[in-house]
Protein chains: 2
Amino acid sequence: MITFISYIQQYVSISDEIKKEISDLILIENISKGDILLEEGKICKRIYFIEKGTLRTYFYQKGKDITYWIYPDNSMVTSWHSYLSCKPSSEYIQATEDSIVCSLTYTQWQELYTKYPILERFGRLILEEVIALIDDFYKGYYFMSSKEKYELLVSVFPDITQRANLGHIASMIGISQETLSRIRSN
Amino acid sequence: MITFISYIQQYVSISDEIKKEISDLILIENISKGDILLEEGKICKRIYFIEKGTLRTYFYQKGKDITYWIYPDNSMVTSWHSYLSCKPSSEYIQATEDSIVCSLTYTQWQELYTKYPILERFGRLILEEVIALIDDFYKGYYFMSSKEKYELLVSVFPDITQRANLGHIASMIGISQETLSRIRSN
DNA sequence: TCAACTCTTTGATCTAAGTCAAAAAATATA
DNA sequence: TATATTTTTTGACTTAGATCAAAGAGTTGA
């Protein structure tokens, strides 16, 4: 299990003073499978680091539960639009396994960025990584068959099948669960 | 027309020293409609700010020209995955109108970030904006009809129809140009 | 260990949107 | 102004994948 402090150190090297300050501010939560960290309509004030477990973001569209993305341990999760704009979220964040998550608020981060420019660099690097991943993943996505989309997902996220159920995976790549079931049994 | 310096100042306030340094480093190019700024297979070393005109990113998939996104003036463009990882790009960047673009290289930005933390903040803010936009735009995209996708695009990019042709717009939202033509004439 | 759920598979049918092809309109070129 | 080239529209046909429905597996908990 990687702690949030050591995760930061994979990107930038930070002083003991910074480590202490982050440790003092950080909120560590043990949550159970099914627990909701963020509800639709609420402002997402926090960005979460998953030390253990899995989270998913999802929303309701035309009455259906649609998984937006699934996040394994050792990754950061928030409702980006809500977190960055301080507007109500249109999505939920839920634990899909018993999990341990660490978080800081948007406000705390702004203060840390100003006080320690090295953390601003960490922030930039994390965002760069997210964008590079999105940019790469979705290239040509529209014109792939359902099978190609599924194979792409499995290639970037090999243990997805152990961590999420059929319905979640299907909606995450934009296909019906019946189609995904047929792809698997091909 | 907004210059790149004044664009930066919309996000952070910068000293005359920084302005001078950026002005000295910046490459300003006048390019014609159809000109290619980046080719597939080349490493994208620059990030472009469009002072005037329009650029599009595109790639070939199964022999077809697919527009990834279209960028109007006053926005920043790069092939994110290639630029950030220094790996060959899988896409092209092309001017779709006569344009004026300013750019700095990845290496120049790294030096500027280290020398002036305020620019690192600018970098972070730009990336946050990109992510918030992507996050908001694509929510529920998979389960929209072609008409809904087109209406969403027009709502965030009202003058798209004046700046790009039918085929570019259709592939940008993942539909065939015949379908888009039918939507318009509904 | 047997109900009561929940999740996954399978089959039959339907439909939105893709493909192919050709005409029409718009734009550029000479 | 006629001609070539590109872009858009329209029509006929096809198809991948959605939807609906029901059966089968797998889990959970009293």
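Protein chains get the first letters and strands the later ones, always in sequence-line order, with residue 1 at the start of each.
- Contact between the side-chain N/O atoms of K149(B) and the OP1/OP2 oxygens of dA17(C) is not found at any separation under 4.0 Å.
- With hydrophobic clusters built from ILVMFWY side chains whose heavy atoms lie under 4.5 angstrom apart, L152(B) shares a cluster with Y138(B).
- Heavy atoms of K147(A) sit nowhere under 4.0 angstrom from any nucleic acid atom.
- One can place CZ of F143(A) at 12 Å from C1' of dA17(C), the figure rounded to the nearest angstrom.
- Contact between the side-chain N/O atoms of S145(B) and the OP1/OP2 oxygens of dA16(C) is not found at any separation under 4.0 Å.
- Between W69(B) and F137(B), the ring planes lie perpendicular to each other; the angle is over 60°, past the 30° to 60° tilted range.
- One atom, CD1 of I183(A), and another, C1' of dG17(D), lie 9 Å apart when rounded to the nearest Å.
- For E178(B) and dC20(C), a side-chain-to-base donor-acceptor distance below 3.5 Å is present, hydrogens and geometry of angles not being considered.
- Contact between the side-chain N/O atoms of T179(B) and the OP1/OP2 oxygens of dG18(C) is found at a separation under 4.0 Å.
- The CD1-C1' distance, from I169(A) to dT8(C), rounds to 12 Å in whole Å.
- Although no hydrogens or angles enter the test, the distance criterion places no donor-acceptor pair under 3.5 Å between the side chain of E120(A) and the main chain of E120(B).
- The base of dG11(D) lies close enough to the side chain of R182(B) for a donor and an acceptor atom to sit less than 3.5 Å apart.
- Within the structure, every side-chain polar atom (N or O) of K62(A) is placed at least 4.0 Å from both OP1 and OP2 of dT19(D).
- Taking only distance into account, the side chain of R184(B) never meets the base of dT7(D) through a donor-acceptor pair shorter than 3.5 Å.
- In the set dT8(C), dT10(D), dT10(C), dT8(C) carries the atom at the smallest distance from any side-chain atom of N165(A).
- If you take CD of Q177(B) and P of dA24(C), they are 18 Å apart, rounded to a whole angstrom.
- Using a 4.5 Å heavy-atom cutoff, the side chains of I70(B) and F157(B) are in contact.
- Residue order along DNA chain C, read from the 5' end via each residue's closest nucleotide, puts H168(A) first among L180(B) and H168(A).
- Within 4.0 Å of S176(A), counting heavy atoms only, lies at least one base atom of the nucleic acid.
- In this structure, I175(A) places its CD1 atom 9 Å from C1' of dG17(D), rounding to the nearest Å.
- Checked options E91(A), M172(A), Q94(A), H168(A); the residue passing with Y58(A) is Q94(A) (criterion: side-chain contact (heavy atoms from CB on, under 4.5 Å)).
- The distance between atom OH of Y150(B) and atom C1' of dT8(D), rounded to the nearest whole Å, is 13 Å.
- Side-chain N/O atoms of R121(B) and T114(A) include a donor and acceptor closer than 3.5 Å.
- If you check every strand for non-hydrogen atoms under 4.0 Å, S181(A) touches a base.
- As a whole-Å value, the separation of Y142(B) OH from dA18(D) P is 12 Å.
- Per the geometry, CE belonging to M144(A) stands 17 Å off C1' belonging to dG17(D), to the nearest Å.
- The side chain of S185(B) contributes no N or O atom lying less than 4.0 Å from OP1 or OP2 of dT8(D).
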